[in-house]
There are 2 protein chains.
Amino acid sequence: MKVYKIPEATVMRLSIYSRYLHQLMGEGVETISSGEIAHGVGVSSAQVRKDLAYFGEFGTRGVGYKVEELYGHLMKILGLDRNWNIIIIGAGKLGSALALYQGFADRGFNISAILDVDPDRIGNKLGDVKVEKIELLDKRVKESNVSIGVVTVPARVAQDVTDKLVNAGVKAILNFSPRVLRVPNDIILRNVDLSVNLEVLSFNLAFNK
Amino acid sequence: MKVYKIPEATVMRLSIYSRYLHQLMGEGVETISSGEIAHGVGVSSAQVRKDLAYFGEFGTRGVGYKVEELYGHLMKILGLDRNWNIIIIGAGKLGSALALYQGFADRGFNISAILDVDPDRIGNKLGDVKVEKIELLDKRVKESNVSIGVVTVPARVAQDVTDKLVNAGVKAILNFSPRVLRVPNDIILRNVDLSVNLEVLSFNLAFNK
DNA sequence: ATTTAGTCGCGAATTTTTTCACAAGGTGGT
DNA sequence: ACCACCTTGTGAAAAAATTCGCGACTAAAT
């Protein structure tokens, strides 16, 4: 099987499968079929098998998958068999929420720093991390070997912050600002636009009836 | 042109185009080509034209699109030519951040209520809205004619909250909890999983080198 | 009036993703 | 040992989404 290009949709589903498997482990389930995973997360069983087939053969014909084993494979595939250091730029409501979001820590994402320009925010404690001034961006990225920058600043400064992150050496950026960011080709960029999601709902509500 | 099924990716891009056009309006731009929109938001010009073609002919050959006019069409298509009432269930960090997120109000989403079970949170003011007890769910949805429910509760109670929202009469649900929700066929459901986004980055960092 | 340069709309071709369908392999009962 | 029954892995088919290519149309310059 080709390993060249994995569909992004596949990667997102793997992440969802892994979480479902984790839940099953908690329930003491030891073996599961593609059909059951499919039903559990709302896709087709062929989809589950195809997604897994990109990376190897993890099941046993006639039987299914060992939950714990498959979970381990998925975590490895997703790069979650290690910790990642991330930095959050922007300690507004969204940045704070992300900093305190347990889901990140649970999956091995360690928040190395959270920075802002606003003196009122600097010094605030968010969980274990204290908000620091933006000038420390380069220093913090380098000293903590930060791989991922999370951008939660207003649109007008998003590109500027992004450039600084790239220069400091982050390899990937998760952008929550409603701005199209330019990054060099070797930097991985993902955009999460909260409004877009609501607007897709709005479209469906308005359009389909 | 077929109106049957609009790709979800198209809808998401329309939302992005509309925001870019709004920015251009602010800059005083009056006319724009598909190629310029494409460059501005990072897709191909054919993609822009194809996306728009699902809904009609908005441009002038040889000239391009009138920014304001196209913006108006897009807002109408997206159902943003009116206001939507939404309710947020879960006043934790994420729910609070969403409640205070200016981006929603800017696009016509009006937060009718935000509810929680935690007595410590009830009574807190988030912008113009006060956190109220979860028991008011049915009442608030009905009296404010709420169309969209936003679920930001812990995974274990997400399905329960969802069922209550559906029973109360919401037509769409935006789910931020890491749980696959079951809803009737006529209810529109979208999932936003913040961890998935980080994990796709993690995968790309780990896998591509 | 004609030419030149530019741009849209859209059918067709291409690429990508999903679904189908079944051979291969495994389990448990008799 | 054989049979009945499962479930995976995967090539092939189908479906969906994107890109290509060009005819149709516009504006502006000469």
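Lettering of chains follows the sequences in order, A, B, ..., and the numbering in each one begins at 1.
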Peer 1: Could you pull out every donor-acceptor pair under 3.5 Å between side chains of residues 58-78 of chain A and any protein atom, sequence neighbours left out?
Peer 2:
none

Peer 1: Mind calculating the distance between CD (A:E57) and P (C:dG26) to the nearest angstrom?
Peer 2: 10 Å
Peer 1: Is it true that, when you exclude B:E143 itself, more than 12 heavy atoms of the residues, nucleotides or ligands shown sit nearer than 6.0 Å to its CD?
Peer 2: yes
Peer 1: Specify the separation, in whole Å, of atom CD1 of B:I32 and atom C1' of C:dG6.
Peer 2: 15 Å
Peer 1: Do you know which of B:T162, B:L174, B:N175, B:V151 makes side chain to side chain contact (heavy atoms under 4.5 Å, CB included) with B:L189?
Peer 2: B:N175
Peer 1: Given C:dC8, D:dA27, C:dG26, which nucleotide is nearest the side-chain atoms of B:V63?
Peer 2: D:dA27
Peer 1: Less than 3.5 Å apart, which donor and acceptor atoms pair up between the side chains of residues 87-105 of chain A and the rest of the protein, not counting sequence neighbours?
Peer 2:
| residue | atom | partner | partner atom | Å |
| --- | --- | --- | --- | --- |
| A:S96 | OG | A:A91 | O | 3.1 |
| A:S96 | OG | A:G92 | O | 2.7 |
| A:Q102 | NE2 | A:D106 | OD1 | 3.0 |

Peer 1: Between C:dC8 atom P and B:L70 atom CG, what is the distance in whole Å?
Peer 2: 10 Å
Peer 1: Please encode protein proximity along nucleotides 17-23 of chain D as a string of B, S and -, counting only heavy-atom distances under 4.0 Å.
Peer 2: SSBBB-B
Peer 1: If the cut-off is 4.0 Å, is A:S34 near the phosphate of D:dT8, judged by side-chain N/O to OP1 or OP2?
Peer 2: yes
Peer 1: Roughly, in whole Å, what's the span from CZ in B:F58 to P in C:dC10?
Peer 2: 11 Å
Peer 1: Could you report the tightest heavy-atom contact between B:V170 and B:I173, atom names first, then the distance?
Peer 2: CG2-CG1, 4.0 Å
Peer 1: Are OP1 or OP2 of C:dG26 and a side-chain N or O of A:T60 less than 4.0 angstrom apart?
Peer 2: no
Peer 1: What integer distance in Å separates B:F55:CZ from C:dG9:C1'?
Peer 2: 16 Å
Peer 1: What distance separates B:N110 CG from B:I148 CD1, expressed to the nearest 0.5 Å?
Peer 2: 11.0 Å
Peer 1: In whole Å, I'd like the distance from the NZ atom of B:K66 to the C1' atom of D:dT26.
Peer 2: 13 Å
Peer 1: Using whole Å, report how far CD1 of A:I37 lies from P of D:dT7.
Peer 2: 12 Å
